[in-house]
Amino acid sequence: GHQPASVHFVSYSSSASVSMGSLHEEPGHGIGDLLSGLQEAYGSGRTKDLAWRRAQLKGLLRLLTEKEEEIFDALHDDLGKHRAESYRDELGALVKSVNHTLKNLERWAAPEKAQAPLVSFPATALVVPEPLGVVLVFSCWNLPLGLALEPVSGALAAGNVVVVKPSELAPSTAAFLAANIPRYLDPKAVKVILGGPEVGEQLMEHRWDKVLFTGNNKLENSPSFFTKAVTTDKIPSNYCHVVQEVPM
């Protein structure tokens with residue numbers, strides 16, 4: 001008969017020890033419990049606090065700074081990347097992006113004045129930015145760090161809670177994220193789930209407020225696709241750009 005997929009998760013304790021485990025159970029059951037915990041964290045309201053959001057972004061910066069050598073090693077293991085390429089395309093770009101977000105966070109989160117109908121005079125109107133809730137991020141194999149933590153930083157800056165599903169095709173980077181994200185970010189608000197396509201299908205059996213992924217349209221065609229909003233970045237796995245008359 002059909003065997004349920006193995007869902008790998010991270011547990012976190014006050015002693016800062018991180019252990020890896022697996023759930024062999026009916027599809028979606030363990031994920032449902034994890035999702036309930038995230039919804040509870042979001043429902044507490046603490047993720048809307050700008051101080052909490054800043055703390056998460058600063059935690060990301062500490063992760064990228066303190067674990068730089070481990071990041072270089074993981075990207076080299078997965079993709080054979082030289083450290084200069086890894087810094088240019090992923091690590092350095094992430095640090096610049098998170099710093100930019102920190103610099104502009106208060107302005108982006110501030111209410112904006114809106115035009116009110118004349119009949120409501122002398123009342124005023126404001127547009128208040130609000131987080132969506134529980135965000136699911138699927139990262140890809142060719143930029144496994146950047147396309148995992150870039151959307152995570154945006155989701156946290158907006159006051160959401162997040163689940164990250166790293167690509168199983170970049171196992172060293174996936175293991176790095178699973179081991180370190182609970183140490184540097186709020187472990188009740190940011191979760192990492194490891195596994196292959198079967199785990200991705202289990203994740204899509206649940207309702208999410210936002211899904212971000214890089215890939216083809218298979219996810220959008222899922223019969224269990226319940227979500228408010230999807231952001232996709234469709235990049236072919238093999239591509240090149242040819243320019244004529246350029247000396248190589």
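The model shown is predicted, which means the values in this text are computed figures rather than measured ones. FYI, side chains are in, hydrogens and waters are out, and symmetry mates aren't considered; it's all heavy atoms of this structure.
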Locate the shortest heavy-atom distance separating [X] from [Y]; write the atom from each residue and the value.
X      : Y      : answer
Leu35  : His206 : CD2-CB, 3.8 Å
Val190 : Leu38  : N-CD2, 4.3 Å
Pro129 : Pro111 : CD-CA, 4.1 Å
Arg83  : Phe72  : NH2-CE1, 3.3 Å
Pro166 : Ser139 : CA-OG, 3.1 Å
Leu145 : Leu177 : CD1-CD2, 3.9 Å

Over 12 foreign heavy atoms within 6.0 Å of [atom1], [X]:
X     : atom1 : result
Glu70 : CD    : yes
Glu69 : CD    : yes
Glu66 : CD    : yes

Item to complete: Apply side-chain contact (heavy atoms from CB on, under 4.5 Å) to the pair Lys113 and Leu126, showing each step before the final yes or no.
Response: CA-CA 5 Å; Lys113 289 185 178 180; Leu126 294 172; 3.9 Å; yes
Please check if the side chain of [X] supplies one atom and the backbone of [Y] the other of a donor-acceptor pair under 3.5 Å.
X      : Y      : answer
Gln56  : Leu185 : no
Ser167 : Cys140 : no
Lys165 : Gly195 : yes
Thr65  : Leu61  : yes

Can you tell me how far apart [atom1] ([X]) and [atom2] ([Y]) are? Round to the nearest 0.5 Å.
X      : Y      : atom1 : atom2 : answer
Glu106 : Arg54  : CD    : CZ    : 5.5 Å
Trp108 : Lys103 : CH2   : NZ    : 10.5 Å
Lys81  : Ile71  : NZ    : CD1   : 12.0 Å
Phe138 : Ile193 : CZ    : CD1   : 9.0 Å
Leu63  : Glu68  : CG    : CD    : 11.5 Å
Leu57  : Trp52  : CG    : CH2   : 9.0 Å

Item to complete: In sequence, state the C-alpha distance, the side-chain angles, and the governing distance for Trp141 and Glu168, and then conclude on side-chain contact (heavy atoms from CB on, under 4.5 Å).
Response: CA-CA 8 Å; Trp141 63 269; Glu168 71 279 7; over 6 Å; no
Answer yes or no: is there a side-chain heavy-atom contact under 4.5 Å between [X] and [Y]?
X      : Y      : result
Val163 : Ile31  : no
Lys188 : Arg46  : yes
Phe213 : Leu136 : no
Arg183 : Asn180 : yes
Asn160 : Asp209 : no
Leu203 : Trp208 : yes
Arg53  : Leu156 : no
Leu91  : Ser86  : no

Discussion item. One pair to check against side-chain contact (heavy atoms from CB on, under 4.5 Å): Lys58 and Arg62. What are the steps and the verdict?
Written reply: CA-CA 6 Å; Lys58 290 178 180 178; Arg62 289 196 305 274; 4.1 Å; yes
Worksheet item: Considering the options Asp89, Val152, Leu149, Asn99, which one meets the side-chain contact (heavy atoms from CB on, under 4.5 Å) requirement together with Leu94?
Response: Leu149
